[in-house]
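Quick notes on the structure that follows.
The figures here come from the full heavy-atom set of this structure, side chains too, leaving out hydrogens, waters and symmetry mates. The chains referred to below are lettered A, B, ... by the order of the sequence lines, with proteins before strands, and numbering in each begins at 1.
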Amino acid sequence: MVQGTAERNGQGLWSITRTGSPAPTEGGGPERRLLEALRRAARQPQGRMALVLHLSRLAPPAPRPHHRRIARAIMEDTAERHEGEVFALGNSDLVLLCREASPSRRPPTPGSPPRLAPADPGTLPATLARLLRIDAPDPARATTVWPLETALDELAAYVADRLAESAAALPLVAPEPGQAGALGQTGAVNAIARIAEGTVITDLLVRQTGVLVSAPSADGGSGNSLRPLYREVGFSMAALEARLATGDEAAADPFLFRHLAGRLDHRMLAWLSNAAGAGGGLDIAAAGRGTPPLHINLTVPAILSDEFTRFALLCRSFGATIGVEVALVEAAADVAAFGRARHVLAEAGLVLVLDGVSHLALTLARPCALRPDLLKLDWSPRLAALPADEYAQVEAAIERIGPQRVVLQHTDREAAVHWGMAHGIRRFQGRHVDAMLAAGRTLFCGHAAGCTLRQCIERSAATGPAGRAGCRFPALLDAVPPDRSPSRAGHPELVGGMPA
Amino acid sequence: MTRRSGFAAAEAADPQDDAALLRGVVRDCVGAGVARRGLLLRLSGLPGKLAQAHHLRLARAALEPLAGADRAQLFRLPNSDLVMVWRGEAAAALQASLDTLLHLFADEKQLLPDPGALMLTLRLPEDAAMLLGVVDDSLLPSGKAADEHKAATEPLDPPALAALEAALAQADMSRFVRRLQICAPAPGGKFSLSWEKRTLSVPELAAALSPERAVRADPWLFRRLTRTLDRRMLALLAAPGELHGAGPFGLDLNVASVLSPEFLRFDAALPASLRGQVVIGLLPADSMADPAAFLFARDFAHARGYRLLLRGITADLLEVFPLRRIGLDLLQLRFSPDLTRLDGDEVLADPSRTLLSHANDAAALAWGRAHGVALYQGRAVRAG
């Protein structure tokens, strides 16, 4: 790794020596300009300071473009009023060099962020920390303040590191949404809809199983058991975008994405109607014969369409109680229509699932007032480290809707299942669950030795023959294993140590 | 300048001449800084069945109360739009005319869901650019703009949206700007102005830029369009001198727009006297679409001194989005008869921070007063 050091020379100027990296390019670069500005400031460091906003420390997808844009505007406002300058470094950090706040203007007391334009360097760290608290929960890590008079060495070392980085790599600054790609966002959405409307869709669909985790049985079972509850089927945006090579253009704009979802609904309903009774992973009628029911994602207008009325009648004729998942944003955009959709589903005897509920949504609103049958809460590592007030709000929301009606989704690690179990949640969906189920299948598959766990997970997620190629026991991908769940078969480590 | 207040004179005059005369009046107002009030009746926007001769005659007659206002002048434009201009407030006469017009089309909900959209009150010289645009449109061959507006039945799709967004980048938006009064109850059963909401007239804008498309047919593409409109509006407000002497005002924005470069430029251009006097309306669905961005925008706007309004709340949404939980300052509740069926005391947690919109009749005002609502917007509310 490139290391940098900074030394003060006898004339009070700065020299940066670096080890293990090529010489910095002359001219250009914000890092180089920061160094030059620092050299000038070091001649009279009294009363001057540097503030570093460590956007590079935020966990992806942060820092997002608006983080950089707004933070920079606020810092430049301060720079303008305090003889300063802002440097946007290649690693996304922002550095403000300016005159310190006058002694009469003290920073606010903790918990009382300023309400008006924050132009004072003394209040700036608190303002920035509050803005970024969702993505940078520890405010002490978000900003660093170095008075030039007393902390010049630390600052110089920081600048040296950034210089070394900038010499070693190109800056990684994400483009603004909508700027990349020849198609643009609207073009990408239209092209994706046309692909989905014009081709066989099984290769574009993926599915994932939601499970019920049960506590050990009273007859001496050593671990928890998994029971598949449903199989959610949806379009794979990655597969669709891969066909267009559009990157994430279509998913980048939430409004265009909802429009796309509406167009894909019709394709999904038509396909499922045709596949009903034909057997296979997309057969709505297969539930009850050893496989769990399907869950499909629909928009509110699709549920209120004549097409869905016919589909619901088909479900009834097969006795299939499928689940219909509606995104929270869709419900909130037209809650009256959502109420009508809820009525339609209740009349048809189908299950209404409110999808895409983040813990932040639970702190901002009361999604349970939309009265779904199930609510899918998004797992986030932040859940395990929420501030006390937000934690209390999330806990109260789960209690209000009832943990038995909450599915914790995107459970990509064991910690997620632990968190859910500790809050009374027993329903889970996500990559960690996929792995547990795949491990369970290997116990019953005579060909398991020829496959990896990852292959088994991916083949189970596929709905078409292409995605299942290589599996020599494809029926097991659709079926519920016989009455020997993985944990009962002696694999408590799959969900090891979970509280009951 | 010819001074005409007689309705018979307007009937007899050549609409082409009227267009030229009105243009002269507007330019005089701008040149001399003379204040005038006005009312625009967009009769060219009436559906065919409601645009019969007797409808037009009755609509014109509804303007009679304003004929008595100081220096009142009526102009009949070539596309059958009417413009009345006068000096002073004439609030009672204006209200009488508006009431008559609303009553005229009250039973035509199927053909004309929002008759209020046909009527625009004006202030000169502030609305001069818009009014000159209206005059220009009226001179299009055979009332082209209005005809195309009526024919807009094809839903917006992504390619059409992209084309419309490109057209918006070049269009002069000032002619589409409208102002709505937000008022607080004042002594004597009157109202005082709290702020003016500045908004773009989407029907007129769509008629001018994408006449063959129904821009609201796809709700999500329309939301995307509103984001583009937000940015054009912000650019307009950030223009030099645009906010000079302006009073408190409000804007409806998407969350993404609050975080846009255009908002930063608007914020930089905002006069110090207006800091803390601007209300930004946000939709609750935006908070659910991207809660992290919503929280960032909320805290940023608060730090810059903006007041935030949770808009578009209906009776159904009150329970889902409690104002205090979402952390905004004001709640805009849309009046509907559904509200009257909710339980009395528990309907509004914060009536002092509630704005009742669509307060178009006495029933709405009575409901608001009974629940202690502090702010009102609608056709039944006018400052003065």
Side-chain angles (χ1 to χ4, degrees), chain A residues 62 64-67 69-70 73-74 77 113-118 127 130-135 184-190 193 253-262 299 301 327-336 338-339 356-361 363-370 393, chain B residues 156-163 165 218-227 254-256 258-261 263-265 267-268 272 275-276 283-300 302-305 312 314-322 325-327 338:
Chain A
R64 295 163 68 181
H66 66 255
H67 291 139
R69 188 187 307 126
I70 303 292
I74 292 172
D77 187 33
R115 286 277 293 184
L116 283 177
T127 300
R130 177 169 168 76
L131 279 177
L132 291 164
R133 71 189 191 287
I134 301 300
D135 296 287
Q185 289 176 334
T186 48
V189 162
N190 211 42
D253 183 308
F255 301 151
L256 289 178
F257 185 76
R258 295 312 315 163
H259 163 80
L260 179 62
T299 59
L328 172 58
V329 62
E330 182 93 13
D334 189 345
V335 77
F338 177 78
V357 182
S358 69
H359 71 278
L360 291 175
T363 65
L364 288 168
R366 288 190 186 132
C368 61
L370 295 166
Q393 286 177 320
Chain B
L156 203 59
D157 59 17
L161 173 64
E165 287 179 337
D218 184 300
W220 294 108
L221 293 184
F222 179 67
R223 285 297 310 281
R224 157 91 181 201
L225 177 64
T226 62
R227 212 169 53 196
N254 288 277
V255 163
V258 177
L259 301 172
S260 68
F263 186 87
L264 290 175
R265 284 193 278 276
D267 182 66
R275 185 73 62 187
L283 278 174
D286 255 16
S287 70
M288 298 293 101
D290 189 346
F294 171 82
L295 286 165
F296 191 93
R298 182 192 73 181
D299 294 345
F300 166 61
H302 273 156
R304 290 300 223 203
T314 57
D316 299 324
L317 276 174
L318 270 175
E319 192 185 354
V320 185
F321 291 100
R325 196 175 182 93
I326 205 163
D338 292 345

Engaged part of B/N254 at the chain A interface, taking heavy atoms whose separation is under 4.5 Å: side chain
Contacting moiety of B/D316, where chain A heavy atoms sit under 4.5 Å: both
Residues B/R275, B/D267: salt bridge by 4.0 Å N-O rule: yes
Contacting region of B/D290 [heavy-atom separation from chain A under 4.5 Å]: side chain
A/Q393, CD: over 12 other non-hydrogen atoms inside 6.0 angstrom: yes
Interchain contact, B/L317 with chain A, by part (heavy-atom threshold 4.5 Å): both
Segment of A/T299 engaging chain B (4.5 angstrom heavy-atom cut-off): neither
Portion of B/I326 that has a non-hydrogen atom of chain A nearer than 4.5 angstrom: both
Contact winner vs chain A - B/A315, B/S287, B/P159, B/G327, heavy-atom pairs under 4.5 Å: B/P159
Student check: side-chain heavy atoms of A/I74 and A/I70 closer than 4.5 Å: yes
Among the listed options A/T363, A/L132, A/V357, the residue most often paired with chain B at heavy-atom distances under 4.5 Å: A/T363
Heavy-atom closest contact (A/A369 atom, B/V320 atom, distance): CB-CG2, 3.9 Å
Gap separating the CG atom of B/D286 from the CZ atom of B/F294, nearest 0.5 angstrom: 8.5 Å
Spacing of CG belonging to B/L259 relative to CZ belonging to B/F300, to within rounding of 0.5 Å: 7.5 Å
Segment of A/L131 engaging chain B (4.5 angstrom heavy-atom cut-off): both
Contact winner vs chain A - B/A268, B/S260, B/A256, B/A297, heavy-atom pairs under 4.5 Å: B/S260
Closest-packed option against chain A by number of heavy-atom pairs under 4.5 Å, given B/P284, B/G312, B/A293, B/A162: B/A293
Salt bridge A/R64-A/D135, side-chain N to carboxylate O under 4.0 Å: no
Heavy-atom side-chain proximity of B/F321 to B/M288 below 4.5 angstrom: yes
